[in-house]
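Note sheet for the following structure.
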Amino acid sequence: MKINVVTLCSGYDSQALALERMKKDFPDFDYELIAWAEFDPDSKQPIEKQPAVVAHNALFPQWSDRNMGDITKADWSVIKEPIDLLCYSTPCQSISNAGLQHGFKEGSGTRSSVIWSVLNAIKTLRPKYLLMENVAAMVQSKFIKDFHEWQNTVASLGYTHYTDILNSKDFGVAQNRERVFMVSVRNDVGLRYHFPEPFKLTKRLKDVLETNVDEKYYLSEKMISCFENRTAIAKEKGNGFRFNPTDGGGYAKAITTCAGNRTDDNFIKCAYNEDGY
């Protein structure tokens with residue numbers, strides 16, 4: 001079985017990476033990435049040099065010429081193949097708890113409101129299945145009205161939704177990372193969807209860490225002292241995050257923004273042995 005796939009707000013395309021894994025696990029399965037869309041409106045670099053595009057092309061060079069770019073301007077009518085699966089998201093800066101939370105209401109002009117441009121792809125391509133993923137804050141009380149408006153709009157195009165919040169640590173990944181997923185099935189397909197059941201985590205962060213790490217990834221004594229002072233101040237005030245290095249025996253916290261500059265990043269204690277690490 002081979003399916004035709006389109007991914008929007010693709011990034012480096014974790015969806016396609018998952019499909020690659022399916023190809024290895026199920027020899028009868030195959031897919032083709034008919035089109036993908038990645039574009040950073042704030043970047044001053046040409047689109048082919050923007051980091052996410054460079055990463056995508058490094059992983060999937062065979063499809064480097066299929067980037068539709070800015071989904072607010074893309075012409076989906078150029079795609080003639082029937083599309084089985086459309087994966088999409090939207091920039092989370094306006095939704096995430098780590099952002100300004102301006103929301104994603106249609107016409108608001110926020111970064112996250114670009115999701116409404118996905119409708120053009122859905123209307124034109126009429127995929128059998130839609131897969132959306134975003135931060136769990138998308139369905140919190142502050143934004144649930146906008147989320148329901150999105151659901152109702154897509155449903156009016158002939159789709160039935162199945163929505164749940166999943167945490168990566170419940171599915172074999174040593175990271176505490178909640179995300180909301182919505183699977184939408186075109187009504188004429190006649191298929192019901194069920195989310196997978198969680199299972200016990202057996203991996204720990206230290207199981208996936210490299211042992212020989214370049215010194216540039218270590219905190220300086222100055223930075224450690226700074227983090228310790230910030231933690232002491234936060235404790236005194238009764239708020240704030242904590243600098244709490246671990247031995248990697250648990251699972252990782254989800255990273256928000258400005259990696260390496262926050263007290264609450266996933267800092268690991270390292271001990272040197274006779275081999276130098």
Side-chain angles (χ1 to χ4, degrees), residues 3-24 30-76 78-79 81 83-96 98-100 104 110-118 120-121 125 127 130-135 168 173-175 177 179 181 205 208-210 212-218 252-262 265-266:
I3 64 172
N4 290 335
V5 180
V6 172
T7 65
L8 310 184
C9 295
S10 306
Y12 62 79
D13 224 326
S14 57
Q15 299 90 339
L17 287 175
L19 293 170
E20 288 292 324
R21 180 170 178 174
M22 286 186 64
K23 285 176 62 174
K24 294 179 180 179
D30 198 3
Y31 79 102
E32 183 170 357
L33 189 61
I34 301 299
W36 55 285
E38 181 54 46
F39 172 70
D40 182 357
D42 295 330
S43 176
K44 296 181 181 179
Q45 296 274 13
I47 188 170
E48 67 274 7
K49 293 185 177 181
Q50 293 177 4
V53 176
V54 171
H56 196 288
N57 289 341
L59 290 168
F60 306 104
Q62 70 273 34
W63 293 316
S64 61
D65 61 342
R66 299 185 180 185
N67 186 7
M68 301 292 287
D70 186 349
I71 64 171
T72 68
K73 300 175 181 178
D75 178 12
W76 302 107
V78 300
I79 297 177
E81 298 89 338
I83 302 303
D84 299 292
L85 173 64
L86 172 69
C87 300
Y88 68 97
S89 188
T90 189
C92 67
Q93 292 96 323
S94 310
I95 307 170
S96 172
L100 297 177
F104 61 101
T110 67
R111 288 293 297 271
S112 300
S113 67
V114 74
I115 191 173
W116 294 93
S117 295
V118 175
N120 296 327
L125 302 176
L130 312 174
L131 172 61
M132 186 212 74
E133 172 270 339
N134 215 298
V135 293
S168 57
V173 179
Q175 184 184 39
R177 183 183 180 90
R179 290 295 184 267
F181 291 84
L205 180 56
V208 296
L209 292 177
E210 297 178 3
N212 195 1
V213 180
D214 193 291
E215 288 187 7
K216 67 181 179 181
Y217 296 110
Y218 286 79
K253 295 171 286 189
I255 297 300
T256 51
T257 56
C258 302
N261 293 316
R262 297 174 306 275
D265 275 349
N266 294 294

With Asp30, which residues qualify under salt bridge (Lys or Arg N to Asp or Glu O under 4.0 Å), at least two apart?
Lys23
With Trp76 via ring-ring contact (aromatic ring centres under 6.0 Å, His included) - residues at least two apart
none
Quick one: side-chain contact (heavy atoms from CB on, under 4.5 Å) partners of Val173, sequence neighbours excluded?
Ser168, Gln175
Do the non-hydrogen side-chain atoms of Val135 and Arg179 ever get within less than 4.5 Å of each other?
yes
Residue pairs meeting side chain to side chain donor-acceptor pair (under 3.5 Å), one or both in residues 50-66, sequence neighbours left out, come to Asp13-His56, Glu32-Arg66
Could you pull out all residues at least two apart from Tyr12 that satisfy ring-ring contact (aromatic ring centres under 6.0 Å, His included)?
none
What pair of heavy atoms forms the shortest contact from Asp42 to Asp40, and how long is it?
N-OD1, 3.0 Å
Partner residues of Lys216 under the side-chain contact (heavy atoms from CB on, under 4.5 Å) criterion, sequence neighbours left out
Asp214
Distance in Å, Ile71 CD1 paired with Thr90 OG1, rounded so as to fall on 0.5 Å steps:
6.5 Å
Please report the shortest heavy-atom distance between Ala252 and Leu205, naming the atom on each side.
CB-CD1, 4.0 Å
Between Tyr218 and Val213, is the side-chain contact (heavy atoms from CB on, under 4.5 Å) condition met? List the steps.
CA-CA 8 Å; Tyr218 286 79; Val213 180; 4.2 Å; yes
Atom pair CG/CG of Leu19 and Leu85 - distance to nearest 0.5 Å:
7.0 Å
Write down the atom of Thr72, the atom of Ser117, and the distance for their closest heavy-atom approach.
CG2-OG, 3.3 Å
Nearest heavy-atom neighbours spanning Gly69 and Asn67:
N-OD1, 2.9 Å
Specify the closest pair of heavy atoms between Ile3 and Asp84, including all atoms of both residues, with the distance to one decimal.
CA-OD2, 3.3 Å
Taking all non-hydrogen atoms of both residues into account, name the closest pair between Ser10 and Glu38 and its distance.
N-OE1, 3.3 Å
Nearest 0.5 Å please: distance from the OH atom of Tyr88 over to the CG atom of Asn134.
10.0 Å
Between CD1 on residue Ile115 and SG on residue Cys9, distance to nearest 0.5 Å
8.5 Å
Nearest-0.5 Å distance that lies between atom CG in Asn120 and atom NZ in Lys73
13.5 Å
So, taking the atom named CD1 in Ile34 and the one named CE in Met68, what distance separates them when rounded to the nearest 0.5 Å?
11.5 Å
